[in-house]
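In what follows, every chain begins at residue 1, and chains take the letters A, B, ... in the order their sequences are listed. Because the structure is a prediction, the values reported are computed rather than measured.
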Amino acid sequence: MDIIGRHLLPDFCQRHPDSESALRGVLAIIAAAEWRGDDDTGRNLGSAVTPMGEGRLTIVDPGGRFRLIVRVNFTRQLVHILAVEEASHE
Amino acid sequence: MSDIKPIRNIADHEAALAEIEHLFDAQPGTPEADRLEVLIVLAAAWESKNVPLADADPIDALTFAMKAQGRSQSDFATVLKSRSRASEILNRRRTLTGDMIDAISKAWSIPAAALGGGAAIVSGGLRRWAMTGAAALVVFAAVGFTAADGVVWYASQRLPDLAQVEAISEQADFVPLAEIPPHVVKAFLAAEDKDFYSHGGVSAFGVLRAAALDLTGFGKKRVGGTGISEQVAKNLLLSGEPRSLSRRLKEAILAERLENTLSKDRILEIYLNEVYLGDGAHGVAEATQHYFGKPLSATTVAEAAVMAGLPKAPNAYRPNLPDHAKAKARRDWVLDRMANDGLITVSAAHMAQAEQLLQE
């Protein structure tokens, strides 16, 4: 998948340095994936991913440090990072 | 498309992302999708240059996937069939081998590329765009094509294997070029690619020019990408891939590779056997039987022209539609082209144009 919206990540990593390796890990998985639908996201990311409808996904770090909110265009193979925030953030 | 500008600062980038969100679900093949494609490339280029993020470590990806899927180190040891190796890898004292990556990927559906080392935290294909090609896109969107080779290099990654093209000749109903009547060959050359035997490969500049003209919408008709080699690349290697700038470039690059690998006769032979001619018919032999109820060897010049007119819009120009007008106009246009190109005489074209589309 192609990923855009990465400009949101450095600032978050600076504030939460313990998140960086997991963020790098999940983005490496996404970048290498070829998702055709929600089933594929679940196969790769297990319970960390929750479809929110209209192509939006929430990906929660299993370590509880962050969650990513992304929008996916499966046809274009594109993931747009809309937000990264602390997992406890409501 | 003409108002797309390079992204020079954060404000430009945010504006591009906002527009990407707006166009996010654009249908492939529409001007909106073309605009989306260029905006994505520009945004990714800016991020690659301005967002400082380290490349991902395969163990970061593995660890995240294991936790997300609820896998334990013991599970990992089972996949690797070794507790010590599992421990060493997770503690970065040992690197993953190809066999290990295959085993993990199959067992847990983790993309192998994420475990292969060097997987970038930034996106896969777009990172290459950003590093090598996006600058050219910025330029071609505005003024020129200065980094054409870089863009073409990006599109040349992850392309299908040309062996798939050769495999078609193993089909039982494959017809060698020598058995295809010359007027059938001439009709297709006249209609689809009259310079097929004289033009060479596709230049980087030519690829970008065609893509830029397509995307910027200068003129109503799409340009480029309609040559016989590109059709073979598109139909056999890229079928099902939505139209996009990257597919457009891939078609051109694959066509160039085909021309560098196979002879012109061979490409034409494959094309005439695989081209879609409507009503489920692929290739000239099947189409002759389907539309005219005869073997390919018995095809007339007029019938050849009917078939040669089909690739552009197979279902619109079918001769067996109740309304023959479009099919006849298309056939007659092909016959005129054949005459103009000196492939048949003018009188032969006129005689063929007087024939009925389908025999009673």
Please report the shortest heavy-atom distance between [X] and [Y], naming the atom on each side.
{"X": "B:Phe64", "Y": "A:Ala22", "answer": "CD1-O, 3.6 Å"}
{"X": "A:Arg43", "Y": "B:Ser109", "answer": "O-CB, 3.7 Å"}
{"X": "A:Asn73", "Y": "B:Leu36", "answer": "ND2-CD2, 4.4 Å"}
{"X": "B:Ala114", "Y": "A:Ala32", "answer": "N-CB, 3.4 Å"}

Practice item. Select one option (side chain, backbone, both, neither) describing which atoms of B:Ile20 are under 4.5 Å from chain A's heavy atoms. Key: side chain
Practice item. Using side-chain contact (heavy atoms from CB on, under 4.5 Å) as the criterion, point out the one residue from B:Asn50, B:Leu17, B:Ile10 that pairs with A:His7. Key: B:Leu17
Check your understanding: Counting N and O atoms only, with roles assigned by atom type, does the side chain of B:Gln69 sit under 3.5 Å from a partner on the main chain of A:Ala48, one being a donor and the other an acceptor?
Key -> no
**Study point:** A:Ser47 side chain vs B:Ala68 backbone, donor-acceptor pair below 3.5 Å
**Key:** yes
Starting at [atom1] of [X], measure out to [atom2] of [Y] and round the result to the nearest 0.5 Å.
{"X": "B:Asp60", "Y": "A:Ile29", "atom1": "CG", "atom2": "CD1", "value": "9.5 Å"}
{"X": "A:Arg76", "Y": "B:Leu23", "atom1": "CZ", "atom2": "CG", "value": "13.0 Å"}
{"X": "A:Leu78", "Y": "B:Ile40", "atom1": "CG", "atom2": "CD1", "value": "4.5 Å"}

Exercise for review: Among the options A:Leu45, A:Ile30, A:Asp40, A:Val49, pick out the one with the most heavy-atom pairs lying under 4.5 Å from chain B.
Suggested key: A:Leu45
Practice item. Flag the pair A:Ile4 / B:His13 as yes when at least one side-chain heavy-atom distance between them is below 4.5 Å, and no otherwise. Key: no
Check your understanding: Side chains of A:Leu82 and B:Glu21: closer than 4.5 Å at any heavy-atom pair?
Key -> yes
Check your understanding: Is it the case that more than 12 heavy atoms not belonging to A:Arg56 sit under 6.0 Å from its CZ atom?
Key -> yes
Check your understanding: For B:Arg8, does the CZ atom have more than 12 heavy-atom neighbours from other residues, nucleotides or ligands under 6.0 Å away?
Key -> no
Exercise for review: Would you mind checking which part of A:Val60 comes under 4.5 Å of any heavy atom in chain B, side chain (CB onward), backbone (N, CA, C, O), both or neither?
Suggested key: backbone
